[in-house]
Amino acid sequence: MEKTYQPQAIEGKHYQRWEENHWFQPSGEGSPYCIMIPPPNVTGSLHMGHAFQQTIMDALIRYHRMQGDNTLWQTGSDHAGIATQMVVERELAREGKTRHDLGRDAFIDKVWEWKEQSGNTITSQMRRLGDSVDWTRERFTMDDGLSNAVREVFVQLYEEDLIYRGKRLVNWDPKFHTAISDLEVENKEEQGSLWHFRYPLLDGAKTSDGKDYIVVATTRPETMLGDTAVAVNPDDERYTHLIGKEVELPLVGRRLPIVADDYVDSEFGTGCVKITPAHDFNDYEVGKRHGATLVNILDQNAAVLQKAEAYTYEGRPIDDFDGTLPDGYGGLDRFEARKKIIADFDALGLLDSIKDHTLMVPRGDRSGAVIEPWLTDQWYVSAKPLAEPAIKAVENGDIEFVPKQWENTFFSWMRDIQDWCISRQLWWGHQIPAWYDKDGHFYVGRSEQEVREKHNIGDDIELTQDEDVLDTWFSSALWTFSTLGWPEREDLVKTFHPTDVLVTGFDIIFFWVARMMMMTQHFIKNDDGTPQVPFKKVYVTGLIRDENGQKMSKSKGNVIDPIDLIDGISADDLVAKRTSGLMQPKLAQKIEKNTRKAFPEGMEPSGTDALRFTLTSLATQARDINFDVKRLEGYRNFCNKIWNAARYVLMNTEGEDCGQNGGDVQLTLADRWISSRLQRLEADVHRHFENYRFDLMSQALYEFIWNEYCDWYLELSKPVLWDDNASAEIKRGTRRTLVRVLEAILRLAHPIMPFITEEIWQSVKDLAAREGDTIMLQPFPQPDENKIDQQAEADIEWLKGVIVGVRNIRGEMNIAPGKPLPVLFQKGSLEDKRRLEENENFLKTLAKLESITWLNEDDTAPMSATQLVGHLKVLVPMAGLIDVEAEQARLTKSLDKARKDLERVEGKLKNENFVSKAPEQVIAKEREKADGLAATIQELEGQMKQLEELA
RNA sequence: AGGACUAUAGCUCAGUUGGUUAGAGCGCUACCUUGACAUGGUAGAGGUCCCCAGUUCGAGUCUGGGUAGUCCUACCA
């Protein structure tokens with residue numbers, strides 16, 4: 001073995017071997033265990049969140065595979081409608097073309113080309129991560145099977161009246177020319193203004209203070225062109241006499257009724273609200289209540305129409321409406337129109353005032369454009385009836401969120417769920433299976449053929465398919481069963497569905513998790529006909545942020561590519577990566593500065609295992625996870641530690657008898673101790689898998705491997721292995737323990753660190769008498785109660801106490817670590833004596849002792865530095881070595897601490913309430929503690945006295 | 001505005017039903033290249049567990065209030 005751990009030398013070969021041998025596929029035996037990967041964007045690349053979640057999924061999958069389950073990790077990717085279309089359109093823009101230049105079919109071909117080209121980026125990155133997904137079953141939301149599932153679901157829901165088409169206000173993205181769902185809109189506070197406009201009262205009406213106009217306030221002046229009412233609060237005495245009167249809409253000349261509606265807050269602004277039902281969600285509701293006409297004034301680019309269009313709330317055009325707009329507005333962008341409106345009002349003397357105002361601006365999460373509420377024909381899913389079973393499933397525990405608190409988030413959204421707008425005005429996606437005839441009648445079916453047959457439409461009648469596609473999340477919502485072959489085949493669904501756990505981030509609970517539940521429960525049923533859940537558990541991970549708690553984003557330039565952590569990257573390359581392809585090139589300088597500050601030397605290669613271990617250790621219950629590269633370095637060192645421990649084991653066992661072929665063994669205290677500790681570790685690891693506490697799991701592994709196995713057991717094995725007089729049985733026992741514990745550690749750590757464990761396992765499997773081609777198919781270690789040895793654990797604690805005591809004296813007294821010391825023991829019990837006799841060899845080697853002498857209680861000891869281990873005094877004679885003052889200081893420190901502790905404990909014991917109310921055990925424990933402390937103090941005081949006499 | 005979450009060592013974080021001497025990694029100090037490992041070893045330093053009150057024999061842990069921060073949802077034109 002190499003002297004240091006070099007991940008790049010070992011990782012690739014194992015993955016290839018695993019995959020080639022089809023070891024990632026379900027075994028077909030044992031109870032089914034299945035995880036569906038949240039499908040990454042097919043043209044995307046791996047980010048820290050993927051690495052994090054996939055590490056957890058892989059750990060679970062490897063664990064269950066080793067437990068003998070019929071384990072499937074289903075992989076695949078998502079077509080990511082807007083995101084992908086956007087990328088390809090940007091490519092085209094470089095050639096000076098738009099998608100319309102190509103036409104729909106050619107454009108879609110182009111997207112598929114792009115997918116072929118970039119689609120394997122993420123899959124090769126997943127291989128680097130060690131993901132043991134079943135590649136032979138990889139699916140894509142746009143492949144034939146899944147598209148078929150999408151059509152089937154759409155048609156069935158339509159036939160059940162759960163999908164409908166309607167003219168409604170939607171969140172319109174004027175940049176991408178598509179509707180988006182509420183969830184895709186980000187509301188952010190921005191600085192704006194509140195304009196106060198005067199609307200003249202008609203027919204001689206006057207306000208209570210005698211004015212012939214009322215004042216309305218707006219943040220969006222341009223929408224006034226579509227105003228069809230003015231609303232006031234019915235209880236607002238200033239305006240009650242005006243209700244039912246009319247105002248004239250300036251510039252347009254339309255008569256607007258003044259209506260009363262509770263929606264209006266009299267306290268805000270002037271208490272008068274202009275109502276623009278076709279351009280504001282609240283106004284839509286108000287307008288509907290009062291029959292105010294829907295007047296649309298904008299086109300798909302959010303520019304002003306030449307002529308306004310009016311509609312009823314049923315979506316029918318009102319033909320006799322006069323949609324004339326003032327001159328000069330037609331074709332004007334909404335923001336240009338705003339300026340002009342303000343100027344025109346000002347010129348007419350109708351601009352009352354302008355105030356600074358902070359408002360929430362809705363922006364498309366992909367485009368960044370200000371979203372326009374716009375009246376369009378769209379397809380909707382009736383969410384309420386579908387949401388009910390999903391809510392029930394969580395309420396009755398069929399689906400459990402981990403951590404549980406996320407259930408509240410889920411409930412709060414589900415109980416107030418709105419219908420889901422599923423149509424998108426894009427080309428890339430599942431085209432809606434609805435066909436229109438010339439009169440605008442539509443027919444829904446699985447194909448044009450089906451539609452014609454079902455509705456008796458002859459070939460002479462022309463049908464055209466709906467141009468729109470479905471929201472990407474529509475197909476993702478079917479993911480757990482569509483990937484298993486639904487609706488064509490049921491067998492896999494029967495075996496692997498419901499899946500066991502969904503591992504995902506809280507940011508897509510609404511987007512995806514909830515919708516998956518709704519769709520799955522509707523379409524997949526249990527044997528008894530009840531709705532089947534898509535998964536039994538939802539493990540919600542935190543969101544990975546940078547070391548300062550900032551969200552990682554391209555524009556902040558703080559994105560970390562997991563592959564760079566694995567392979568390392570120079571500072572220059574990292575800067576180049578972070579500053580290329582920026583939307584706002586001016587940020588480059590700042591990004592470079594921050595990057596060079598955070599990573600002056602770039603990133604060291606750490607290997608996949610160290611990254612995975614780090615991510616695992618970060619998997620706490622917290623919502624935000626700040627990723628600090630320092631943590632990664634620590635765990636890379638941990639890998640090196642394992643590597644070197646294995647080197648040591650191999651150096652001492654290869655070619656030696658490790659008991660693999662039987663033969664008598666004699667186990668030392670150390671052997672029994674480490675085996676005992678191992679059982680506890682194994683139990684802990686199982687428990688932590690059950691509870692999804694990966695952080696505690698990695699901590700338990702770290703502590704055992706480093707602080708018990710390496711720091712103590714390996715050291716304790718040396719006196720045996722180096723002792724020429726030791727028996728064959730005892731050496732065999734030590735070697736066997738050395739190898740077996742290492743081998744068990746490897747299996748325990750394998751789900752988290754697949755590569756290093758496989759690499760080492762290949763070298764130790766024979767020595768540990770294990771058979772098999774790969775660690776990944778070995779049984780996961782099971783704890784054995786019978787191997788827990790409390791006596792051995794207590795004895796080793798004693799041994800450690802003595803050794804640490806001597807080392808402490810060395811350290812504090814500045815005695816060279818290598819200098820052999822004579823040590824005297826006094827006032828020990830019979831137990832101490834037994835322990836000493838049994839462990840003299842260990843003690844001498846580990847504490848570097850020259851001699852050990854057992855003094856009787858009444859023997860006078862020479863002047864010594866003292867350390868107490870329980871009641872036992874461990875004495876290092878001071879002659880020639882010791883600085884009296886240093887020893888005094890050392891003792892004073894211990895004494896102070898002991899006195900303080902005693903004071904506290906005695907305080908408790910003196911408290912009558914404590915003695916009368918606390919449980920027996922607790923009191924006894926405190927008494928014992930007090931006795932021990934008192935004895936310690938007495939000893940230390942005696943020792944101090946001796947020192948004083950000497951000085 | 002409503003709701004949720006967080007507050008523990010210099011930094012990033014654990015602390016499972018209230019009962020230890022409050023822990024880990026990184027960082028820091030001193031010493032050490034000893035035959036697995038300097039990506040290391042040994043020994044240390046470092047905490048008003050945000051503040052106040054309450055419940056309790058006993059609170060980092062439970063309750064109420066406050067402060068600070070983060071996020072989500074809904075928004076007043």
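Within every chain, numbering begins at 1; the chains are lettered A, B, ... in the order of the sequence lines, protein sequences first and strands thereafter. Treat the numbers as computed from the prediction; the structure is a model and nothing was measured.
Taking for each of A/N913 and A/N707 the nucleotide of RNA chain B with the nearest heavy atom, the 5'-most of the two is the partner of A/N707. Residues A/T270 and A/F510 both approach RNA chain B. Their nearest nucleotides, taken by heavy-atom distance, put A/F510 toward the 5′ side.
Side-chain contact check for A/E656 and A/T653: no donor-acceptor pair (N or O, by modelled atom type) lies under 3.5 Å.
Residue A/R810 is classed as having no contact, given no heavy-atom separation below 4.0 Å to the nucleic acid. A/R687 comes within 4.0 angstrom of no nucleic acid atom, judged by non-hydrogen atoms across all strands. Using a 4.0 Å heavy-atom distance criterion, A/Y702 is classed as a sugar-phosphate-only contact. Residue contacts for A/A816: at a heavy-atom cut-off of 4.0 Å it reaches no nucleic acid atom on any strand shown.
For the P atom pair drawn from B/rA7 and B/rA77, the interatomic distance equals 35 Å after rounding to whole Å. Nucleotides B/rU61 and B/rU8 have their P atoms positioned 13 Å apart, rounded to a whole Å. Atom name P, nucleotides B/rU17 and B/rA30: the rounded distance is 42 Å, in whole Å. Distance check on atom C1': B/rC31 versus B/rA38 gives 14 Å, rounded to whole Å. Atom C1' of B/rC49 sits at a distance of 13 Å from the matching atom of B/rA14, rounded to the whole Å. B/rC37 and B/rU42: their P atoms are spaced 14 Å apart (whole Å). The separation of B/rA43 from B/rU55, taken at their C1' atoms, amounts to 44 Å, rounded to a whole angstrom. Separation of the C1' atoms belonging to B/rU70 and B/rC52 is 24 Å when rounded to the nearest angstrom.
Atom NZ in A/K910 sits roughly 17 Å away from atom P in B/rG58 (whole-Å rounding). The distance between atom CG of A/D365 and atom P of B/rC71, rounded to the nearest whole Å, is 16 Å. Here B/rA77 presents its P atom at 7 Å from OH of A/Y263, a figure rounded to the nearest Å. Computed from coordinates, the A/Y635 OH to B/rA24 P distance equals 12 Å when rounded to whole Å. In this structure, CZ of A/F613 is placed 15 Å from P of B/rA24, rounded to the nearest angstrom. For the pair A/N691 CG and B/rU17 C1', the computed distance is 13 Å after rounding to whole Å. Between the NZ atom of A/K908 and the C1' atom of B/rU56 there is a distance of 13 Å, given to the nearest Å. Between A/Y239 atom OH and B/rA77 atom P the separation is 17 Å, expressed in whole Å.
Of all the heavy atoms in A/P373 and A/D280, the pair that sits closest is CB-N, 4.1 Å.
The side chain of A/R631 sits closest to B/rG25 out of B/rG25, B/rA43, B/rA77. In the set B/rU21, B/rA77, B/rA24, the nucleotide with an atom closest to the side chain of A/D901 is B/rU21. With B/rU21, B/rA14, B/rG44 as the choices, the nucleotide that has an atom nearest any side-chain atom of A/K893 turns out to be B/rG44. Relative to the side chain of A/T218, the nucleotides B/rA14, B/rA77, B/rA43 differ in distance, and B/rA77 lies closest.
OP1 or OP2 of B/rU21 sits under 4.0 Å from a side-chain N or O of A/K929. Distances shorter than 4.0 Å separate none of the side-chain N or O atoms of A/T409 from OP1 or OP2 on B/rA4. Taking side-chain N and O atoms only, A/R899 has no distance below 4.0 Å to OP1 or OP2 of B/rU21. The phosphate of B/rC13 (OP1 or OP2) has a side-chain N or O of A/N626 nearer than 4.0 angstrom. Within the 4.0 Å cut-off from OP1 or OP2 of B/rC57, at least one side-chain nitrogen or oxygen of A/K917 is found. An OP1 or OP2 oxygen of B/rG44 is reached within less than 4.0 angstrom by a side-chain nitrogen or oxygen of A/N808. Side-chain nitrogen and oxygen atoms of A/H357 include at least one within less than 4.0 Å of the OP1 or OP2 phosphate oxygen of B/rA77.
Between A/F345 and A/F197, the ring-plane angle classifies as parallel under the 30° and 60° cut-offs. Using a 30° and 60° split on the angle between ring planes, A/W643 and A/Y5 fall in the tilted class, from 30° to 60°. Between A/F694 and A/Y692, the angle of the ring planes goes over 60°, which puts this pair in the perpendicular group of the 30/60° scheme.
Ring centers of A/Y635 and A/Y702: under 6.0 Å apart, within the cut-off.
Look at A/K844 and A/E850 and you find no salt bridge, because none of the NZ, NE, NH1 or NH2 atoms lies under 4.0 Å from a carboxylate O. Between A/E690 and A/R687 there is no salt bridge, since no side-chain N of the basic residue sits under 4.0 Å from a carboxylate O of the acidic one.
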Yes or no on salt bridge (Lys or Arg N to Asp or Glu O under 4.0 Å) for A/E222 and A/R334, after CA distance, side-chain angles and deciding distance? CA-CA 6 Å; A/E222 67 279 12; A/R334 54 187 162 166; over 6 Å; no
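Below the 3.5 angstrom threshold, one finds a donor paired with an acceptor across the side chain of A/R623 and the base of B/rU70.
Residue A/D352 holds its CG atom at 7.0 Å from NE2 of A/H196, rounded to the nearest 0.5 Å.
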Paired and unpaired positions of RNA chain B as dot-bracket, Watson-Crick or G-U wobble under 3.5 Å, | denoting a partner strand: (((((((..((((.....[...)))).(((((.......))))).....(((((..]....))))))))))))....
For residues 918-935 of chain A, run the donor-acceptor check on the side chains, cut-off 3.5 Å, and write out each pair with its distance to 0.1 Å, sequence neighbours left out.
from   : atom 1 : to     : atom 2 : distance (Å)
A/E926 : OE2    : A/K929 : NZ     : 3.2

Going 5' to 3' through nucleotides 30-41 of chain B, assign each nucleotide B (protein heavy atom under 4.0 Å from a base atom), S (under 4.0 Å only from sugar-phosphate atoms) or - (no protein heavy atom that close). ----BBBBSBSS
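Under the 4.5 Å side-chain criterion, counting only non-hydrogen atoms from C-beta, A/E654 is in contact with A/L767.
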